[in-house]
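So the structure is just underneath, and the comments pick up after that.
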Amino acid sequence: MEKTLPKIDIPVNFAIGTGINESILNLYKKYPCRLNAEIFVLCMGGTIKATINLTEYTVKTNDFVILTPGSIIQLHEITGELKIYFMVFSSKFINTIGIAKSLLDFMYLMKCNPVLSLPVQMSSIYQEYFDLLIRTNEMRPTQNPEIQKCILLSILYRLKELYQSQNTFPNTSVSNRNEEICNKFARLVIQHYAQERNISFYAKKIGITPTHLSNTVKQTLGKTVISIISEMVITDAKAQLKSTNLPINQIAESLNFPNVSFFGKYFKRYVGMGPQAYRNS
């Protein structure tokens with residue numbers, strides 16, 4: 001029997017609730033999984049250790065988590081009594097609405113910084129907000145896409161303010177130029193890793209030489225540019241191999257490999273086994 005993981009998407013435009021428990025989350029502990037939906041999570045109890053886009057996080061009480069479409073997640077450990085609020089927008093809905101230009105950079109920032117620790121008073125307000133939307137949705141579920149769009153945009157704009165208030169936004173006053181370069185590189189990798197694996201591409205986007213980028217990333221992050229890009233590619237490939245039934249040639253194509261053979265050699269170099277062997281393992 002072929003093993004698969006549930007795809008993280010929903011058949012309706014919008015869903016909100018609190019029915020996330022440990023048994024559901026355990027489905028995502030074995031293998032990485034790539035998101036299709038946009039998911040907002042408010043943690044008001046318990047602790048979750050997870051990897052989001054190659055970075056490990058410990059989500060705890062009063063944390064707000066933003067999981068954007070295309071993010072790759074894997075859960076590792078769940079402790080305590082969970083109290084999780086969630087709000088989900090389907091991939092189909094996200095793809096049909098227009099995001100204002102003022103939010104585009106923020107969307108990439110959220111992907112790089114998906115966990116936001118809220119002050120207790122602010123998290124309580126968000127909890128009340130979720131409770132209000134849940135009660136309203138239970139009394140009269142809305143199918144109006146304009147109302148659903150307003151809910152999405154209102155929470156995005158409010159989160160943008162929270163990021164700005166915590167100085168999460170990169171700006172021209174950043175004192176550490178190396179960190180600024182690495183932040184830009186991280187955002188670009190998240191956007192382009194499936195299509196671009198060449199150092200020159202990222203260096204040109206940032207406006208520096210490939211040597212400068214390589215040295216800066218190695219010095220600041222302790223990893224090479226190539227290793228960071230390859231980690232994203234391999235994590236995505238693993239997610240598709242374990243959480244979908246897609247043929248391997250389609251997975252290779254989605255990650256811009258010229259053919260299955262090249263993809264197989266690339267995958268085996270980093271994983272120690274070929275794609276089919278990994279899928280069957």
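This chain uses plain numbering: 1 for the first residue, then up along the sequence.
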Between [Y] and [X], is there a side-chain heavy-atom distance shorter than 4.5 Å?
X    : Y    : value
H192 : F201 : yes
F267 : L255 : no
F64  : I155 : yes
T18  : F130 : no
Q219 : N215 : no
Y278 : K242 : yes
S214 : I199 : yes
I48  : L82  : yes

Check: [Y] main-chain N/O paired with [X] side-chain donor or acceptor under 3.5 Å:
X    : Y    : result
Q240 : L246 : no
S124 : V120 : yes
N26  : E22  : yes
R34  : I73  : no
Y202 : K184 : no
Y163 : R158 : no
D63  : K60  : yes
T216 : L213 : no

Assess the pair [X] and [Y]: is the distance between their ring centroids shorter than 6.0 Å?
X    : Y    : result
Y266 : F262 : no
F86  : F40  : no
F93  : F14  : no

### Query
Under the salt bridge (Lys or Arg N to Asp or Glu O under 4.0 Å) criterion, do E146 and K149 qualify, and how do the steps go?
CA-CA 5 Å; E146 290 302 315; K149 180 179 178 180; 5.3 Å; no
Would you tell me whether [X] and [Y] have side-chain atoms, one donor and one acceptor, within less than 3.5 Å of each other?
X    : Y    : result
S227 : S230 : no
D9   : S90  : no
N249 : E253 : no

### Task
Scan F257, Y270, F263 and name whichever one has a side-chain contact (heavy atoms from CB on, under 4.5 Å) with V233.
F257
Closest non-hydrogen atom pair, [X] against [Y]:
X    : Y    : answer
P210 : S200 : CG-OG, 3.8 Å
S254 : A194 : O-CB, 3.9 Å
I72  : M232 : CD1-O, 4.3 Å
R279 : L241 : NE-O, 2.9 Å
T142 : N137 : N-OD1, 3.8 Å
S123 : L42  : O-CD2, 4.0 Å

Got a second to check how far [X]'s [atom1] is from [Y]'s [atom2], nearest 0.5 Å?
X    : Y    : atom1 : atom2 : result
I16  : L133 : CD1   : CG    : 4.5 Å
D131 : Y85  : CG    : OH    : 3.5 Å
E38  : N36  : CD    : CG    : 12.0 Å
Q74  : T51  : CD    : OG1   : 6.5 Å
D236 : I251 : CG    : CD1   : 9.0 Å
I39  : F89  : CD1   : CZ    : 11.5 Å

### Message
Tell me whether the count of non-hydrogen atoms from other residues, nucleotides or ligands lying under 6.0 Å of CD in Q195 goes above 12.
### Response
yes
### Intermediate values then yes/no, side-chain contact (heavy atoms from CB on, under 4.5 Å), K83 and T61
CA-CA 9 Å; K83 187 172 184 180; T61 302; over 6 Å; no
### Message
Run the side-chain contact (heavy atoms from CB on, under 4.5 Å) test on I190 and F185 for me, step by step, so that the C-alpha distance in whole Å, both residues' side-chain angles and the decisive distance to 0.1 Å come before the verdict.
### Response
CA-CA 9 Å; I190 289 170; F185 171 65; over 6 Å; no
### Task
Please test E180 against R177 for salt bridge (Lys or Arg N to Asp or Glu O under 4.0 Å), starting from the C-alpha separation and ending with a verdict.
CA-CA 5 Å; E180 185 182 5; R177 173 63 175 161; 3.4 Å; yes
### Query
Side-chain heavy atoms under 4.5 angstrom apart, residues restricted to Ile, Leu, Val, Met, Phe, Trp, Tyr: same cluster for I125 and L118?
no
### Query
Same cluster or not: are I20 and V12 linked, directly or through other Ile, Leu, Val, Met, Phe, Trp or Tyr residues, by side-chain heavy atoms under 4.5 angstrom apart?
yes
### From CA spacing to verdict: side-chain contact (heavy atoms from CB on, under 4.5 Å), I52, V65
CA-CA 10 Å; I52 306 172; V65 186; 4.3 Å; yes
### Message
Under the criterion side-chain contact (heavy atoms from CB on, under 4.5 Å), I'd like the reasoning laid out for T47 against E77: C-alpha separation, chi angles, the key distance, then a yes or no.
### Response
CA-CA 8 Å; T47 300; E77 184 180 341; over 6 Å; no
